[in-house]
Amino acid sequence: MTGVMLCGALVSGCQAGEWEQPAHEQPGGTGTEASVASTRQAVISPELEASLACVETYANAGTCDWAHWSEMVETCVTHEHGELEDGLFIEEVQSGNCTAANWSALREQLITPRPPLVRVRLACNGAAQVIKEVEANGCYALAQTAGASYFDVPIGKAVRLFAGVGCTGTSVTVQTDTSLCETSFANGTSTNDKVRSFRVQDVEAPPSEYRYDCALEESTCVKNHNSTSRLVAINRPHTVKIVRVTVAGRSTPSMGLIEEKVVNMYDFFNDASRGQISLAAPLTRRELAAPAGSTCNEAKQHALRYASPNTFLTVYSMPSGLCSTSKAGARSIYLNGNLLRDHTHETGHVLGLGHSNAKDPLGGKDIPYGDSSSYMSGFSSDNYNLPQLHWLGWTKKNELVNVTSAIANGATSTVTLRPVGDNALDSGHPLGAVWEIPNTSPKERLFIAVPKPSLNDTNQIAGGTVIVYRAPKCETCTGMAMKTTTLGRFSAKTVKEHLIGGLSITPVSYTLAADPDIETFASVTLEIRK
């Protein structure tokens with residue numbers, strides 16, 4: 001969204017409390033809203049209840065509308081809750097459905113779990129009428145007259161399409177949103193209008209050191225609760241399609257510039273995922289001219305009708321200024337700009353990441369998009385933050401250490417961490433320490449990490465800065481799940497006790513790499529206790 005409060009812009013230096021932020025750290029807001037299936041928990045937290053109650057006051061006052069959207073989001077802290085960040089809430093507000101008369105029904109709709117669905121559509125595009133949708137694994141029938149022409153396939157699911165009833169006969173398996181006009185059965189015949197049944201199942205998971213279990217006796221192990229099928233579906237070569245949308249009288253970045261940023265993004269993914277994600281060849285491209293005078297939504301619907309993806313990700317580059325924000329869908333991103341952070345932020349939503357916020361060091365509401373250590377903020381960055389890297393399955397078992405048991409009953413845990421940097425492989429120290437926060441519902445964790453080894457000109461986080469993140473444990477999360485909040489930050493050189501998030505954290509030493517040109521931290525040692 002536009003006009004969010006960012007620390008570097010509105011809080012001079014942000015030096016209060018246990019937060020140390022350089023006064024010269026500047027925001028670079030992308031202004032984004034996500035439209036991805038969201039985090040779901042069995043218990044509604046008091047914070048979500050408070051946020052919903054706040055929205056209700058706007059509904060009762062007749063101001064739960066688009067004109068008051070930015071004010072309401074900041075006042076009610078809706079950005080803190082996946083239930084209000086998956087696209088449904090903003091769509092209902094824009095449609096005029098957030099009213100006093102409709103609030104009870106809308107509230108129930110917002111908090112009701114909305115798992116990713118396999119949808120069957122009537123025509124060969126992602127905007128066509130839905131004729132069937134299913135949630136659970138299993139075999140499903142389609143009538144001969146159904147005319148199935150398109151399947152929406154959530155990340156983590158595989159759908160096998162059959163020419164016969166009861167999931168029999170010639171077949172083909174798809175793992176992306178698929179136009180049946182561009183897909184054939186194993187015998188070579190077109191699947192369009194010929195699918196009589198289909199089977200939904202989880203993507204199969206081959207062994208990997210990045211997907212691991214924690215045994216009962218492994219008290220220092222940090223379990224990743226992201227589903228195995230999603231991790232397998234994400235961490236593989238991605239097929240990508242670029243759709244350049246034009247409207248007369250407006251400018252859209254050139255295809256060459258868009259492709260350059262997509263390639264740069266996948267270079268980042270390849271490095272940060274340690275080779276698990278790559279850009280599959282060939283990268284496909286399409287130019288689409290929307291009718292003159294099209295609104296943002298009209299241009300998007302036009303693009304959806306004429307740009308069947310059959311890819312892991314479709315990048316829609318929209319005319320500059322046509323849409324108020326960039327946005328992410330289940331397997332698509334719609335960009336209002338062409339900066340690298342635009343691409344990585346919105347694609348991060350597709351991969352399952354929420355926003356990276358920050359606790360206001362002066363008190364009051366959290367700062368939306370305020371964590372400059374992650375692309376999921378409103379800042380330029382180098383990487384995603386450590387909780388997000390872990391959630392994506394880009395860390396190994398020995399790279400995080402759970403200190404919950406070690407600091408029980410007043411004991412102190414001493415840990416030596418190496419900087420996260422670009423998440424390069426290193427056989428030495430772990431990347432972060434994790435504490436399971438007691439008595440939280442939904443369950444939450446603290447991640448303690450050193451984001452950068454040295455200062456650079458990207459986001460001006462100094463080398464050796466220690467950041468403490470709060471993140472959901474996410475035992476039942478789907479979609480845009482891993483949102484984080486930085487609770488505090490301090491320099492490794494501040495040899496004093498820092499009280500953050502219920503923990504006492506004291507830097508005791510650090511080591512520097514041999515670099516004559518710039519101060520580069522190789523490790524930071526901390527003492528952690530309750």
Side-chain angles (χ1 to χ4, degrees), residues 1-4 28-36 65-67 69-70 87 90-96 121-130 149-150 152 177 179 181-182 239-266 282-347 349-350 378:
M1 84 194 56
T2 57
V4 296
T30 58
T32 55
E33 292 299 332
S35 176
V36 187
D65 53 27
W66 188 238
W69 173 256
S70 294
I90 190 173
E91 289 171 3
E92 292 298 301
V93 170
Q94 290 175 319
S95 299
R121 297 182 184 271
L122 188 59
C124 284
N125 66 79
Q129 175 187 346
V130 175
S149 295
Y150 192 97
D152 294 350
D177 293 353
S179 166
C181 292
E182 302 175 15
T239 52
V240 178
K241 185 171 190 174
I242 297 173
V243 179
R244 181 176 180 265
V245 182
T246 60
V247 174
R250 292 185 178 271
S251 63
T252 303
S254 70
M255 184 64 78
L257 290 175
I258 303 165
E259 181 174 344
E260 178 185 2
K261 288 301 186 291
V262 170
V263 171
N264 290 344
M265 176 173 69
Y266 273 89
L283 177 67
T284 56
R285 310 158 191 81
R286 182 162 186 174
E287 302 266 2
L288 281 177
S294 292
T295 65
C296 175
N297 284 336
E298 288 168 345
K300 286 179 180 178
Q301 290 302 309
H302 178 83
L304 282 170
R305 284 193 295 271
Y306 293 98
S308 303
N310 287 43
T311 55
F312 178 90
L313 176 71
T314 302
V315 177
Y316 293 92
S317 183
M318 307 300 292
S320 300
L322 181 64
C323 303
S324 59
T325 64
S326 296
K327 194 172 183 180
R331 288 185 180 271
S332 304
I333 61 174
Y334 303 86
L335 299 179
N336 197 33
N338 194 45
L339 296 173
L340 178 60
R341 66 171 177 261
D342 299 332
H343 289 257
T344 52
H345 182 114
E346 298 306 332
T347 305
H349 284 313
V350 174

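Counting begins at 1 with the first residue of the sequence.
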Working to the nearest 0.5 Å, report the span between [atom1] of [X] and [atom2] of [Y].
X	Y	atom1	atom2	answer
Tyr334	Leu304	OH	CG	4.0 Å
Glu346	Met265	CD	CE	10.5 Å
Thr295	Lys300	OG1	NZ	9.5 Å
Ile333	His343	CD1	NE2	6.0 Å

Checklist line | Criterion side chain to side chain contact (heavy atoms under 4.5 Å, CB included) against Thr347, the qualifying member of Leu313, Asp342, Val315 | finding: Leu313
Checklist line | Contact list for residues 305-347, test disulfide bond (SG atoms under 2.5 Å apart), sequence neighbours left out | finding: Cys296-Cys323
Checklist line | Partners meeting ring-ring contact (aromatic ring centres under 6.0 Å, His included) with Phe312 (sequence neighbours left out) | finding: His238
Check: Hey, does the side chain of Asp177 reach the backbone of Gly126 with a donor-acceptor pair shorter than 3.5 angstrom?
Finding: no
Next item on the list: Could you pull out all residues at least two apart from Asp152 that satisfy side-chain hydrogen bond (donor to acceptor under 3.5 Å, both in side chains)?
Entry: Arg121
Next item on the list: Identify, with sequence neighbours excluded, every residue that meets side-chain hydrogen bond (donor to acceptor under 3.5 Å, both in side chains) alongside Asn336.
Entry: none
Any idea which heavy atoms bring [X] and [Y] closest together, and the distance?
X	Y	answer
His302	Ala290	CD2-CA, 3.7 Å
Pro253	Asn338	CG-CB, 3.9 Å
Leu283	Ile242	CD2-CD1, 4.0 Å
Pro291	Val247	O-CG1, 4.1 Å
Tyr150	Cys124	CD1-C, 3.8 Å
Leu322	Ser294	CD1-O, 3.3 Å

Notebook entry, point to check: Which of parallel (below 30°), tilted (30 to 60°) and perpendicular (above 60°) describes His349 and His345?
Noted result: perpendicular
Item checked: Pair listing, side-chain hydrogen bond (donor to acceptor under 3.5 Å, both in side chains) test, anchored in residues 245-264, at least two apart -> Glu259-Arg285
Notebook entry, point to check: Tell me the side-chain hydrogen bond (donor to acceptor under 3.5 Å, both in side chains) pairs involving residues 308-321, sequence neighbours left out?
Noted result: Thr183-Asn310, Thr311-Thr314
Applying salt bridge (charged side-chain N to carboxylate O under 4.0 Å, His left out), name anything that partners [X], two or more places apart in sequence or on another chain.
X	answer
Arg286	none
Glu298	none
Arg305	none

Margin query: Show every salt bridge (charged side-chain N to carboxylate O under 4.0 Å, His left out) that has at least one partner inside residues 239-248, sequence neighbours left out.
Written below: Arg244-Glu287
Notebook entry, point to check: Going by heavy atoms in the side chains, are Ser324 and Trp66 under 4.5 Å from each other?
Noted result: yes
Item checked: Listed partners of Asp65 passing side-chain contact (heavy atoms from CB on, under 4.5 Å), at least two apart -> Ala67, His68
Check: Which pairs, with at least one residue in residues 239-261 and sequence neighbours excluded, count as a ring-ring contact (aromatic ring centres under 6.0 Å, His included)?
Finding: none
